[in-house]
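Working notes, structure below.
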Amino acid sequence: MDAYELLTRNAEEVVTDEEVRDLAEDPEGKRAYVGYEPSGVLHLGHLLTANKLIDLQEAGVEVVILLADAHAYLNEKGSLEEIRATAEQMKAQFLAYGLDEERTEFVYGSTFQFDEAYTRDLHTLEQATTMNRAQRAMAEIQGDETAKVSHLVYPLMQTLDIEYLDLDLAVGGLDQRKVHMLAREKLPELDYEVRPAIHTPILADLTTGEGKMSSSEGVTISMEDSTDDLEEKVNSAYCPPTRDPEPDDEGNERENPVLELFEYHVFPRFDEVVVERPEKYGGDLTYEGYEALAADLESGELHPADAKGTLATYLDELIAPGREKLREIRG
RNA sequence: CCGCCCUUAGCUCAGACUGGUAGAGCAGUCGACUGUAGAUCGACUUGCCCCCCGUUCAAAUCGGGGAGGGCGGACCA
């Protein structure tokens with residue numbers, strides 16, 4: 001797989017394609033980042049962007065993971081001390097998941113975001129940004145909480161992080177899109193360079209196929225899940241035998257979350273997927289890519305129940321090292 | 001600083017005027033049906049009624065105080 005393909009595969013959006021093509025010409029030594037609010041337990045949402053980071057490393061790009069302790073503080077996730085403790089757990093889980101320790105730089109936001117130069121730039125950016133714009137950028141991240149001044153500062157800091165971490169590329173879920181667009185617009189106003197962004201999709205809710213998987217309620221698969229938890233959660237997933245399900249009665253678009261998990265979590269990490277099936281149902285099946293599996297589900301060759309069992313097995317394998325790490329950390 | 005409105009189940013809200021220890025829809029859980037899930041049937045669960053004090057035989061409801069949230073307070077009309 002060539003560098004451009006590694007950078008863009010499974011991406012929902014690439015901004016801009018020309019800039020990323022340029023980057024792919026000579027990826028060695030270039031720097032890309034994702035910022036995460038520290039969390040004690042990684043879930044599939046984190047792992048989806050981590051998959052992209054693994055792709056980037058394979059293409060020769062240096063990866064920076066911003067452990068965004070100051071951002072989490074702004075977002076009222078606890079004291080800086082508490083936040084840093086969970087950040088350490090997060091770091092350990094990322095490495096267990098498969099990020100290359102030699103090529104991954106973990107940076108605490110608080111180590112540079114309180115510096116004088118940064119703070120001055122932040123205030124300049126505050127002058128250059130309307131409240132309306134900052135709030136719109138933050139809306140996806142903020143959720144239902146009442147808007148505070150901290151919520152307006154939050155995306156402005158993300159904008160500056162891209163400059164201060166000396167990056168060539170910003171990576172994030174599609175929920176980060178407005179923040180990255182704000183950054184692309186504002187960085188030149190401070191005489192800094194524009195950087196491209198790559199956005200991963202937001203996967204559908206497991207049980208309904210609608211909306212987002214980790215939208216507050218809903219079932220989330222995380223590093224904490226036992227093998228049994230995984231089986232139970234995957235088994236209860238919405239899974240019609242098709243890749244584009246009909247909208248529900250209220251007209252909401254639906255995806256097939258089981259197929260999405262195969263596409264975005266399983267196939268990027270495994271060259272071959274084996275469906276173990278009793279003779280009664282036709283015996284084992286082997287897939288080397290997502291398309292073939294999706295086509296078989298669509299045709300009826302692969303029954304959803306067998307797809308689910310297989311999915312749970314592979315997700316379990318992906319999560320196992322992180323789960324073990326968590327167990328160690330917690331004693 | 002001043003004024004008005006809101007706070008009841010996980011969510012959206014009814015009930016308050018005319019005190020009698022709470023309801024609906026959605027969600028959720030469990031069965032039936034499908035070799036998955038959903039849909040569809042059938043059953044079930046859910047509450048410091050924001051907090052404190054007071055009135056009362058009795059307070060979600062009335063009175064006082066407080067907290068959290070929303071909105072308004074130039075000019076013109």
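Lettering of chains follows the sequences in order, A, B, ..., and the numbering in each one begins at 1. Hydrogens, waters and symmetry mates play no part in the numbers below; they use all other heavy atoms, side chains included. The model shown is predicted, which means the values in this text are computed figures rather than measured ones.
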| Whole-angstrom distance between B:rG73 and B:rU8, as gauged at atom P | 27 Å
| field | Rounded distance (Å) that lies between atom C1' of B:rG38 and atom CD of A:E255 | value | 15 Å
| request: Grab the CG-P distance between A:L259 and B:rU36 for me, whole Å please. | output: 17 Å
| request: Rounded to whole angstrom, note down the P distance from B:rG10 over to B:rG47. | output: 8 Å
| query | Mind checking who B:rC11 pairs with, Watson-Crick or G-U wobble, both distances under 3.5 Å? | reply | B:rG25
| message | When the P atoms of B:rC51 and B:rA67 are compared, how many Å lie between them, rounded to an integer? | response | 15 Å
| message | For B:rC1, give the paired nucleotide (Watson-Crick: N1-N3 plus N6-O4 or O6-N4; G-U: N1-O2 and O6-N3; both under 3.5 Å), or none. | response | B:rG73
| message | Taking B:rG20 as the reference, what is the distance to B:rA37 when you measure between their C1' atoms (whole Å, please)? | response | 48 Å
| request: With heavy atoms under 4.0 Å as the rule, sort A:P245 into base, sugar-phosphate or nothing. | output: nothing
| query | If the P atom of B:rA43 is compared with that of B:rG25, how far apart are they to the nearest Å? | reply | 13 Å
| said: Taking only the P atom of each, what is the distance from B:rC49 to B:rU36 in whole angstrom? | reply: 43 Å
| Watson-Crick or G-U wobble partner for B:rA16, using a 3.5 Å limit on both distances? | none
| query | B:rG47 pairs with which nucleotide, Watson-Crick or G-U wobble, both distances below 3.5 Å? | reply | none
| Complementary nucleotide of B:rC62, counting Watson-Crick and G-U pairs under 3.5 Å | B:rG54
| field | Span that lies between the C1' atom of B:rU29 and that of B:rG68, in whole angstrom | value | 32 Å
| query | Is the shortest side-chain N to carboxylate O distance from A:E185 to A:R133 below 4.0 Å? | reply | yes
| request: Specify the separation, in whole Å, of atom CG of A:D248 and atom C1' of B:rC26. | output: 13 Å
| task | Using the six-membered ring wherever Trp is involved, compare the ring planes of A:H46 and A:F94 and label them parallel, tilted or perpendicular (cut-offs 30° and 60°). | result | perpendicular
| message | Under 3.5 Å for both donor-acceptor distances, Watson-Crick or wobble: does B:rC30 have a partner, and if so which one? | response | B:rG42
| Are any of the side-chain nitrogens in A:E163 or A:R195 under 4.0 Å away from the carboxylate oxygens of its partner? | yes
| remark: Whole-Å distance, A:Y238 OH to B:rG38 P, equals 10 Å
| Ion pair A:E301/A:R277, N-O distance below 4.0 Å | yes
| task | Under 4.0 Å between any heavy atoms, over every strand shown, what does A:D306 touch: base, sugar-phosphate, or nothing? Just pick one. | result | base
| request: Using the C1' atoms only, state how far B:rA14 lies from B:rC76, rounded to an integer number of Å. | output: 41 Å
| How close or far is atom P of B:rG35 from atom CG of A:L285, stated in whole angstroms? | 19 Å
| request: Specify the separation, in whole Å, of atom CG of A:L297 and atom C1' of B:rA37. | output: 11 Å
| query | Starting at CG of A:N235 and ending at C1' of B:rU36, how long is that distance when rounded to a whole Å? | reply | 6 Å
| request: Flag the pair A:E255 and A:R243 as a salt bridge only when some basic side-chain nitrogen lies within less than 4.0 angstrom of an acidic carboxylate oxygen. | output: no
| query | Over how many whole Å does the gap from A:E253 atom CD to B:rG38 atom P extend? | reply | 20 Å
| task | Among A:N10, A:L44, A:I221, A:I319, find the one that has a side-chain contact (heavy atoms from CB on, under 4.5 Å) with A:H265. | result | A:L44
